[in-house]
Amino acid sequence: MNNNFESLMRDVARAVQGDARRRQLLPEIQTRLAALDEQSRQSQRAHGTWRLSLLGAAACAAGIAFFVSRPTPLSYAVDGAGAGRAGAVGERLVASSSAPLSLRFSDGSQVTLPAQAEAHVDALDAQGATVALEEGAVDVAVVHRAHTRWSIRAGRYVIRVTGTKFSAAWDRRTDALTVTMREGSVEVTGPGMKAPARVVGGQRLRTNGATADHAGDPPEVIVEDATTVAAREVAAPQLPVEAEPAAPSEEVAAALEAPAPADKVVSRTRDRGSDRRASRVRRPVAAQTRLAMADAEWRGLESRGRLKEALAAALRDADWNQSCQQLGSEDVVKLGDIARVAGRPDLAEVAYRRAVQRFPGADRAYYGIGKVAFDQRKDYAGAGNAFETYVQRFPRGPLVHQAVGLWLESREKAGDNAGARHAAAAYLRFFPDGPKATEARGIVSH
Amino acid sequence: MALPREMRPGAHTLNGGAVVYNDDTELVAALHRGDRIARTVLVQRYEPLVERLVAGALGIDSEISDVIQDVFVGVFEGIRGLKDASALRSWIATLAVFTARGRIRRRRRWRWIRFLAPEDVPEVPVSGPQGETHEAVRATYRVLDMLPDDERMAFSLRFISEMQLTEVAEACRVSLATVKRRLARAEKRFVEAAKEHPSLRERLTHGGRWGVQEEQEENEAENEVGES
């Protein structure tokens with residue numbers, strides 16, 4: 001059996017097991033088995049008198065209804081400076097200037113406060129939680145379940161969530177809210193908004209309540225798609241950019257003459273000022289169009305599985321560093337994945353490390369750093385560190401099974417016996433029946 | 001008068017008053033007594049194992065939860081017949097293997113009745129990996145669909161669910177030698193059939209895009225990127 005076969009099988013195993021874990025089957029199985037159990041009891045009672053049976057069935061139905069609808073409020077733990085402690089409703093949560101603070105909820109959802117952000121959990125119930133953002137930003141990943149009811153409050157704004165991943169940033173002084181969606185959808189309500197604004201994956205919402213208050217008009221709410229967001233940010237960069245964009249190619253120069261499609265600005269709650277905004281989006285800025293074009297092309301190729309071509313497209317017209325600096329969390333990690341599997345560990349590392357810096361909750365970036373070190377650099381010590389970090393920071397992350405296994409494997413390959421014992425003990429804590437459990441027990445006992 | 005549940009033999013109280021069982025002997029004894037809490041503990045303790053085996057056998061499949069449920073129904077129905085508590089784990093693994101195999105056989109029969117090739121069977125949309133990994137996983141299970149059931153089960157248990165050879169033999173209720181023979185045949189058939197699938201052929205010839213990269217592959221990718 002050669003390495004290629006082993007590698008393929010390992011990837012298939014990870015994909016299949018990862019998919020099963022993502023679907024979180026245990027609660028579903030438990031509910032189904034409980035219902036079957038009740039049905040079985042019902043049928044046993046059917047042997048009694050008709051009247052007793054009827055009463056028994058009613059009791060069973062009530063029992064099932066109680067079991068299913070029994071409200072169990074969520075709880076949450078705080079990971080960060082005082083790692084692993086239980087959090088309380090109303091507790092002031094402040095991320096330090098050097099490290100993010102993660103809130104892990106019992107339904108599997110996670111809210112991460114980047115450095116210096118401040119929030120508190122306003123309410124917890126069986127269906128979800130309300131998190132109030134006091135200052136800065138939050139990175140949110142809510143696990144979708146039936147009747148999920150989550151919301152994020154930021155001043156006068158409320159973001160209603162079912163199951164999704166997004167970031168929200170709020171500036172208390174200007175009352176400006178930005179919601180950047182990665183997956184799923186949310187509805188945002190706020191001052192002066194007559195109807196909730198719906199934002200879906202790949203879109204960004206921006207609004208400013210203070211301006212509206214001052215002008216006495218309803219606020220301007222802009223929902224843009226990802227391409228427009230990228231283009232606007234290049235036109236008016238708000239974040240430090242590491243490298244200057246290259247000179248425009250001939251194709252780009254030609255494209256500059258053409259107006260941007262009108263559907264780039266997806267929707268807004270009122271028409272006032274639309275010309276001004278449209279002209280801003282259509283402004284012929286070389287880097288803006290370049291990045292937007294490359295962005296659209298690599299996405300299309302990536303979605304069709306043509307990853308080497310996607311990498312080439314991403315590199316062709318936009319600076320890699322700049323893309324990693326401007327795009328959203330999901331996209332930067334995706335660029336890292338594309339570069340990694342296309343055999344460019346150098347570019348992959350740039351993307352993953354930038355994602356880690358900009359989005360502390362981007363768990364896949366940590367995992368990607370470990371994969372590059374393990375598979376391509378053969379730097380097993382570095383890989384072990386990356387996977388260990390993943391496990392410690394995202395103990396409920398979707399890749400924790402793979403990460404803890406690779407952490408163990410990395411330490412072994414690096415000849416780090418003490419580290420391997422530590423990793424093996426962690427593996428057994430997470431997965432006492434996992435595929436490496438026997439091996440891990442052997443390592444721990446030595 | 002009956003003792004409170006936490007004072008019964010074999011039961012231990014943890015934080016919050018939940019009753020757990022330290023080992024399978026205590027758990028099986030409680031199951032024999034008809035303890036409903038023991039059922040919950042059993043599902044919590046062994047669902048990951050069953051999930052791993054069933055998912056490995058079926059792949060990314062919307063029916064996985066149904067099969068896992070069937071396994072535990074079988075466990076609860078048959079637990080009274082289990083005399084040796086130390087065999088609980090392997091017995092559950094065997095039930096999982098046979099239940100998954102039964103599901104595969106049933107599908108195969110229906111497919112034959114409907115005169116559809118495997119690739120013609122409409123896919124149930126499920127979540128899962130995207131892009132190349134998705135394609136490799138789909139192709140892998142298409143190839144596995146072509147293997148005899150026993151070989152397929154041995155293959156998935158060993159290579160996808162990552163069981164030890166002895167565990168595979170135990171779960172399949174055959175000797176170690178038989179498992180080795182089945183695996184050798186299955187692997188040979190798999191590699192042969194994989195040549196018909198571009199995503200698998202590339203992986204098996206040039207190395208893992210998602211796994212260990214060979215230098216040649218890296219150079220090729222760099223050249224391609226450079227040429228573009």
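All heavy atoms count here, side chains included; hydrogens, waters and symmetry mates do not. Throughout, a chain's letter reflects where its sequence line sits, starting with A, and its residues are numbered from 1.
Interface check for chain A: of the options B/Glu162, B/Gln44, B/Arg52, the most heavy-atom pairs under 4.5 Å are formed by B/Arg52. When the candidates B/Val191, B/Leu49, B/Thr140 are compared by the number of heavy-atom contacts under 4.5 Å with chain A, B/Thr140 comes out ahead. Ranking B/Arg36, B/Glu47, B/Arg39 against chain A, the residue ahead of the rest is B/Arg36, based on heavy-atom pairs under 4.5 Å.
Only the side chain of A/Ile29 comes within less than 4.5 Å of a heavy atom of chain B; its backbone N, CA, C and O stay farther away. Heavy atoms of B/Leu200 lying under 4.5 Å from chain A belong exclusively to its side chain.
Atom-to-atom distance recorded for B/Leu53:CG and A/Gln17:CD is 8.5 Å, nearest 0.5 angstrom. Here the CE atom belonging to A/Met9 is positioned 10.0 Å from the OG atom belonging to B/Ser156, to the nearest 0.5 angstrom. One distance of note links CG of A/Asp19 with CD1 of B/Ile64; it measures 6.5 Å at 0.5 Å rounding.
Nearest heavy-atom pair, A/Ala20 versus B/Glu51, reported as atom, atom and distance to 0.1 Å: CB-OE2, 3.5 Å. What you find for A/Phe5 and B/Leu204 is that their closest heavy atoms are CA-CD2, 3.7 Å. The shortest non-hydrogen separation linking A/Val16 to B/Gly56 is CG1-N, 4.0 Å.
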Evaluate the criterion side chain to side chain contact (heavy atoms under 4.5 Å, CB included) for residue pair A/Leu8 and B/Phe159; output intermediate values, then yes/no.
-> CA-CA 10 Å; A/Leu8 171 65; B/Phe159 298 126; over 6 Å; no
